[in-house]
Amino acid sequence: MTTQQIDVGILGATGTVGQQFIRLLASHPWFRPAWLGASERSEGRAYSDACAWRLPVPLSDGIARMRVDACVPGAAPRLVFSGLDAAAAKDIEPAFAAAGHLVVSNARNFRMEPDVPLLIPEINGDHLALVECQQRARGWSGAIVTNPNCSTVVLSMVLAALRRFDIERVMVTTLQAISGAGYPGVASLDIVGNVVPFISGEEEKIESEPQKILGRLSGSMVTPHPMVISAQTTRVPVVDGHTEAISIGFARVPVIADLRSALETFRGAPQELGLPSAPVHPIAYLDRPERPQPRLDVDRGDGMTVSVGRLRECRVLHHKLVALGHNTVRGAAGAAILNAELMKARGLL
Ligand code: NAP
């Protein structure tokens, strides 16, 4: 689709999400990592010295030798992906946007700002119109575009597929992978053979982000979807893949066959446009009663497909199911790359 690759930067390139960016961009047809940024601990060092590479694919010599820069605007290309820690993203991302960079971010800081798109390209690509409002309101020549929390992505994909049945209430319990906490993350003595029933700040994000994502854009405003969500989050001894047990109450109660069909036929702009990171099936329905499982299903669609199973009636709300998504791919780096692909397709780069 394109002959010349676009140079991109990665803020937080040495972290868990940053490493996924490096892996996914290694063979990307449109984007080429040309600049890497991280903290002063890493600044000035070769990438292979600054980060302990922990993905089960080899690091290319070219990336291994790249020098890690400080996260200050200037030398980086116009498009930068961010896998920054929230404490660092707070000041660094707006500084880059003010300096003319398009920051495609994983961090939580700006997701709920009214003029910042909180994007899942299959659901709300039209929210990219907020970029212009953001630039006008803040006087930025760049912008910040965000992807949701890693559990929110999985939940929102399911809810978007079922929205035509008028969702009113949602209850979700998550079983979240250790990689969701970054590296070194949760202490092994806390997580091996154990379940930790608290992830700081996570329930609040899952209870508020999907309403913005499924919200209606009119002018420069997103009116949130009116559904109410109650979330309980747990950390479990799984390496990659967030599993979610979801119950949904509808205004118009559908039959199971219609729900299943809606899940299986769910498609969006990435599939229509044939974006490079778009999975053919954004949601895969698995028939076997013991699926989805993180170890078996997390890499479906190169980590971009949400796997769903166990659709059945719920005796409290109307229906319930189990969903699984790759937290550092569909829930982080892959999500941001798909966002940037949509931005390119819509002429925003
Ligand atoms: P991580 O492994 O702790 O990596 C954090 C990165 O930020 C590292 O590259 C680190 O560089 C850099 N950094 C920290 N402080 C900095 C500073 N003061 N200045 C510049 N760079 C700094 O974290 P992660 O799991 O990759 O998460 C990154 C972001 O993505 C977070 O905002 C997180 O909430 C979000 N997120 C994570 C997931 C997931 O599944 N892990 C999913 C969705 C969203 P050094 O190596 O030099 O310290």
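Every number for a ligand or one of its atoms is a count from 1 in the order of the listing.
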Practice task
Specify the protein heavy atom at minimum distance from atom 7 (O) of ligand 1: its residue, its atom name, and the distance to 0.1 Å.
Solution key: D85 N, 3.5 Å
Practice task
Could you grab the distance from atom CZ of R67 to atom CZ of R45, nearest 0.5 Å is fine?
Solution key: 13.0 Å
Problem - Closest protein heavy atom (residue, atom, distance) for atom 17 (C) of ligand 1 - result: A88 CB, 3.5 Å
Practice task
Could you tell me which non-hydrogen atom of G249 sits nearest to which non-hydrogen atom of L317, and how far apart they are?
Solution key: N-CB, 3.8 Å
Exercise for the section: Mind checking whether C71 contacts ligand 1 via backbone (N, CA, C, O), side chain (CB onward), both or neither, at a 4.0 Å heavy-atom cut-off? Expected result: side chain
Exercise for the section: Using modelled atom types only, decide if a donor and an acceptor are shared between the side chain of H318 and the backbone of F250 within a distance under 3.5 Å. Expected result: yes
Practice task
Would you mind running through ligand 1 and noting each atom that sits below 4.0 Å from a heavy atom of N327?
Solution key: 40 (O), 42 (C)
Exercise for the section: Using a cut-off of 6.0 Å, state whether more than 12 heavy atoms not belonging to R295 lie near its atom CZ. Expected result: no
Practice task
Answer with yes or no whether R41 contacts ligand 1, where contact means a heavy atom under 4.0 Å from a ligand atom.
Solution key: yes
Problem - For G83, atoms of ligand 1 separated by under 4.0 Å from a heavy atom - result: 5 (C), 6 (C), 7 (O), 28 (C), 29 (C)
Problem - Distance-only N or O hit between ligand 1 and N149, under 3.5 Å - result: no
Problem - Element-labelled atoms of ligand 1 that are located less than 4.0 Å from some non-hydrogen atom of A86 - result: 32 (O)
Fill in the blank from the handout: atom 44 (C) of ligand 1 sits nearest the protein heavy atom N106 O, 3.7 Å
Exercise for the section: Before giving the answer on salt bridge (charged side-chain N to carboxylate O under 4.0 Å, His left out), spell out for E209 and R108 the whole-Å C-alpha distance, their side-chain angles and the decisive distance to 0.1 Å. Expected result: CA-CA 10 Å; E209 292 179 6; R108 67 166 187 266; over 6 Å; no
Practice task
Scan the protein's non-hydrogen atoms and note whether one is under 4.0 Å from atom 34 (O) of ligand 1.
Solution key: no
Exercise for the section: Give the ring-plane orientation class for F31 versus H28, where under 30° counts as parallel, over 60° as perpendicular and anything between as tilted. Expected result: parallel
Completion exercise
For G182, the atoms of ligand 1 under 4.0 Å from one of its heavy atoms are 2 (O), 25 (O)
Practice task
For ligand 1, indicate whether the residue I92 contacts it via side chain, backbone, both or neither (heavy-atom separation under 4.0 Å).
Solution key: side chain
Practice task
Considering the heavy atoms of S42, write down every atom of ligand 1 situated less than 4.0 Å from one of them.
Solution key: 45 (P), 46 (O), 47 (O)
Exercise for the section: Check ligand 1 against G331 and write out every atom of the ligand that is under 4.0 Å from a heavy-atom position of the residue. Expected result: 42 (C), 43 (C)
Exercise for the section: Please say whether G12 places an N or O atom under 3.5 Å from an N or O atom belonging to ligand 1. Expected result: yes
Practice task
Determine whether any heavy atom of V68 lies closer than 4.0 Å to an atom of ligand 1.
Solution key: no
Problem - Side-chain (K212) to main-chain (E113) donor-acceptor, under 3.5 angstrom - result: yes
Completion exercise
Nearest non-hydrogen protein atom to atom 10 (C) of ligand 1, with distance, is T14 OG1, 3.9 Å
Problem - Closest approach of any protein heavy atom to atom 13 (N) of ligand 1, naming residue and atom - result: S39 CB, 4.1 Å
Handout entry: Non-hydrogen atoms of R346 and A269 that approach each other most closely
Key = NH2-CB, 3.7 Å
Problem - Contact check: V17 vs ligand 1, nitrogen or oxygen atoms, below 3.5 angstrom - result: yes
Completion exercise
of all protein heavy atoms, closest to atom 2 (O) of ligand 1 is T16 N, 2.9 Å
Problem - Polar atom proximity, L84 to ligand 1 (N or O, under 3.5 Å) - result: yes
Exercise for the section: Would you please determine whether S179 falls within less than 4.0 Å of ligand 1 on a heavy-atom basis? Expected result: yes
Exercise for the section: Look only at interatomic distance and state if G15 has a nitrogen or oxygen under 3.5 Å from any nitrogen or oxygen of ligand 1. Expected result: yes
Problem - Under 3.5 Å donor-acceptor, T174 side chain and Q176 backbone - result: no
Practice task
Mark yes or no for whether H127, through its side chain, and G215, through its backbone, hold a donor-acceptor pair below 3.5 Å.
Solution key: yes
Exercise for the section: Using a distance threshold of 4.0 Å (strictly less than), state whether atom 37 (C) of ligand 1 has a protein heavy-atom neighbour. Expected result: yes
Exercise for the section: Please work out whether the ring planes of F96 and W35 are parallel, tilted or perpendicular, with thresholds of 30° and 60°. Expected result: tilted
Problem - Sidechain-backbone polar pair: D69 side chain, A75 backbone, donor-acceptor under 3.5 Å - result: no
Problem - Test item: Q135 side-chain N/O and G142 main-chain N/O as donor-acceptor pair under 3.5 Å - result: yes
Handout entry: Distance filter under 4.0 Å to A107 heavy atoms, resulting ligand 1 atoms
Key = 32 (O)
Practice task
Output yes when a side-chain donor or acceptor of Y183 lies under 3.5 Å from a complementary backbone atom of T14, and no otherwise.
Solution key: no
Problem - Numbered atoms of ligand 1 (with element) below 4.0 Å of G180, judged on heavy atoms - result: 39 (C), 40 (O), 41 (N)
Practice task
Taking T152 for its side chain and P148 for its backbone only, find out whether a donor-acceptor pair lies under 3.5 Å.
Solution key: no
